[in-house]
Amino acid sequence: MMDYSKEFEMIVKAYEKSGGNVSNLLRKDIASIIINGDRVIGLNSVQGVELKPQKIENGVSVDMRIKGSIKNPIHICTGYVGKRGYQKVIFNITVEKNSSVSFISHCSFPWSEDFTHDAEMYVHIEPGGKMEYRDEHFHSESGKINFISKVKAVIEKGGYFADFFRLTKTRVGKMDLFMEISLGEEAVGHLDATVRASKDDNVSIKEILNLDGKGSRGIAKTTAVALDKARVTVINEAYGNAEGTKGHVVCEEITKGEGVIVNASPILEVRNERSELTHEASIGRVNQKQLETLMAKGLSEEEATNLIIKGIVG
Amino acid sequence: MLELRDIDFEVEGKRILRKITMKFEEGKKYSILGMNGAGKSTIAYVIMGLEGYKPTAGRIYLNGEDITDLPVSERAKRGITLLWQEPARFRGLTVKDYLTLGGKLNLKKDEIAQILELVGLSPLLYMNRTVDEGLSGGERKRIELASVLLLEPRYAILDEPDSGIDIMSLDMIKNVIDWISDHGGTPILITHREEVALETDESYLICSGIILKRGKSKDLVEYYRTTCDKCDHINLPVEKVERK
């Protein structure tokens, strides 16, 4: 087994690569979890944050319970410093009534070659509770990472949930991202995924809004840049199940490369006559006017395209 | 010198420009004056070489070099640039990123700040804002003006530089024109406003895709004021205007 300090050093290095601020993992006033492979190698809790990790086959499961208003975001660092393997991570998160919390998660696998990261997150937000989850991924350039992610959230009356997923700095590999939220009365939900796929990356994204409670509102948004021979499939769905509900589905896919295959399928289903659902979808090259605006300043088409994409994916 | 010789431009058989011949000498300030729909912006797009704006006939020369078939970026590298009447928005790009073209232009923070102030924007408030829908039309236009100035172009085609900016800012537009001129550039203003054209030395008066008159801006503005406002030439086919 790897020496603990060496393991910690490597995972921290991976965390930094993904844009994480290491000092936050060491602060006593910030709750944090550090996971490498199938082990929790760092854990810090603060008042109002209950973290209960347990080992499962090939991975880790963590039960989290949030009570009160948590001042600093909870930092999660999930990594794998080996080249080959399988990692299962399960988070069960409960945000108690009128409590609020935000998470900053970095998942980093910079050296992996033949590796599967299988993540599941189950969220329960009690009435009036609020939760925001920002998840940034950093994969190796091998293109052989298999990434599976499932998020299911139930948001009760007046609650709020937002999940922002980003994988824009590295290759993706193979990715299957699934996010589904069920919104109770007057609850608000926001799903947002941004991905940059290149070479022969294969991306599948599905976001589902279940607008179950009266007056609930939600948005499911995906932004994908597909380069080279990447394949990107996006299916975003919204179901208006109660009166006064409003849902909006957005899919923007920008392509560059003769071998790309992309598709977007918005699915809207109204099951209550007083529900309003809308969608926007666009697929294609970067906008011609944007391109020519930058080219009229001396950038080549390639440079202009890259700058526009940089803005979109951050 | 930038020169257009006998430029015709048609779209699906409809003649938009007819026999446009213009000369823009370095060191002077020009305007292309005309009512809405006269074809002024089309001339700008043809000079810049935008997609879909290749002349049906005629050539464009820059200091004797035929640039008619050059792509937009090559024309820009030779010192021609364009301020769009309604500039594009860019999601996620900060003003600083946009003005430096993602770091390609090696500009000091002070240089950017000075230009932002010239166009009436506080560097502190705007440097890190994004060039997206969050900006008003006027703010976006001012940022685009700043971007043009930072390029220090030899020929700056400014398509309705004052549109979207309140009338009180005519002084700012004058400062922008002077700045371009003082830095060795030739401003070419596309406008339908007499007071904007009066800030330039020479003008071309355009109507329905042809040049009606050319000469000193003061004289042309007088003709425009007394004649064009009362005229029914607007949006007539080119041939009908020629017959009149």
Legend entry - Face-on cation placement of R171(A) at F109(A) ring, 6.0 Å and 45° thresholds: no
Inset, instruction - Among the options I312(A), I308(A), L299(A), V313(A), pick out the one with the most heavy-atom pairs lying under 4.5 Å from chain B. - result: L299(A)
Legend entry - E202(B) and its side-chain hydrogen bond (donor to acceptor under 3.5 Å, both in side chains) partner, picked from K23(B), K29(B), K28(B): K28(B)
Legend entry - Max heavy-atom pair count under 4.5 Å with chain A, selected residue of E74(B), E51(B), K77(B): E51(B)
Inset, instruction - Could you tell me which portion of E292(A) (side chain, backbone, both or neither) has an atom closer than 4.5 angstrom to a non-hydrogen atom of chain B? - result: both
Inset, instruction - Name the option with the most non-hydrogen atom pairs under 4.5 Å to chain B; the candidates are N287(A), T223(A), N306(A). - result: T223(A)
Legend entry - Interface moiety of L50(B) toward chain A, non-hydrogen atoms closer than 4.5 Å: both
Legend entry - Closest non-hydrogen atom pair, I283(A) against A264(A): CD1-N, 3.7 Å
Legend entry - Part of R91(B) lying under 4.5 Å from any heavy atom of chain A: both
Legend entry - Region of R89(B) in contact with chain A, defined by heavy-atom distances below 4.5 Å: backbone
Inset, instruction - Sort out for me which of S147(B), P87(B), P71(B) touches chain A most, counting heavy-atom pairs under 4.5 Å. - result: S147(B)
Legend entry - Proximity of Y155(B) and F24(B) rings by center, below 6.0 Å: no
Legend entry - Residue selection (most heavy-atom pairs with chain A, distance under 4.5 Å) from A76(B), G92(B), S73(B): S73(B)
Inset, instruction - Establish, yes or no, whether a centroid distance under 6.0 Å links the rings of Y53(B) and F9(B). - result: yes
Legend entry - Interface moiety of I80(B) toward chain A, non-hydrogen atoms closer than 4.5 Å: backbone
Legend entry - Heavy-atom closest pair, residues G189(A) and I181(A): CA-CD1, 3.7 Å
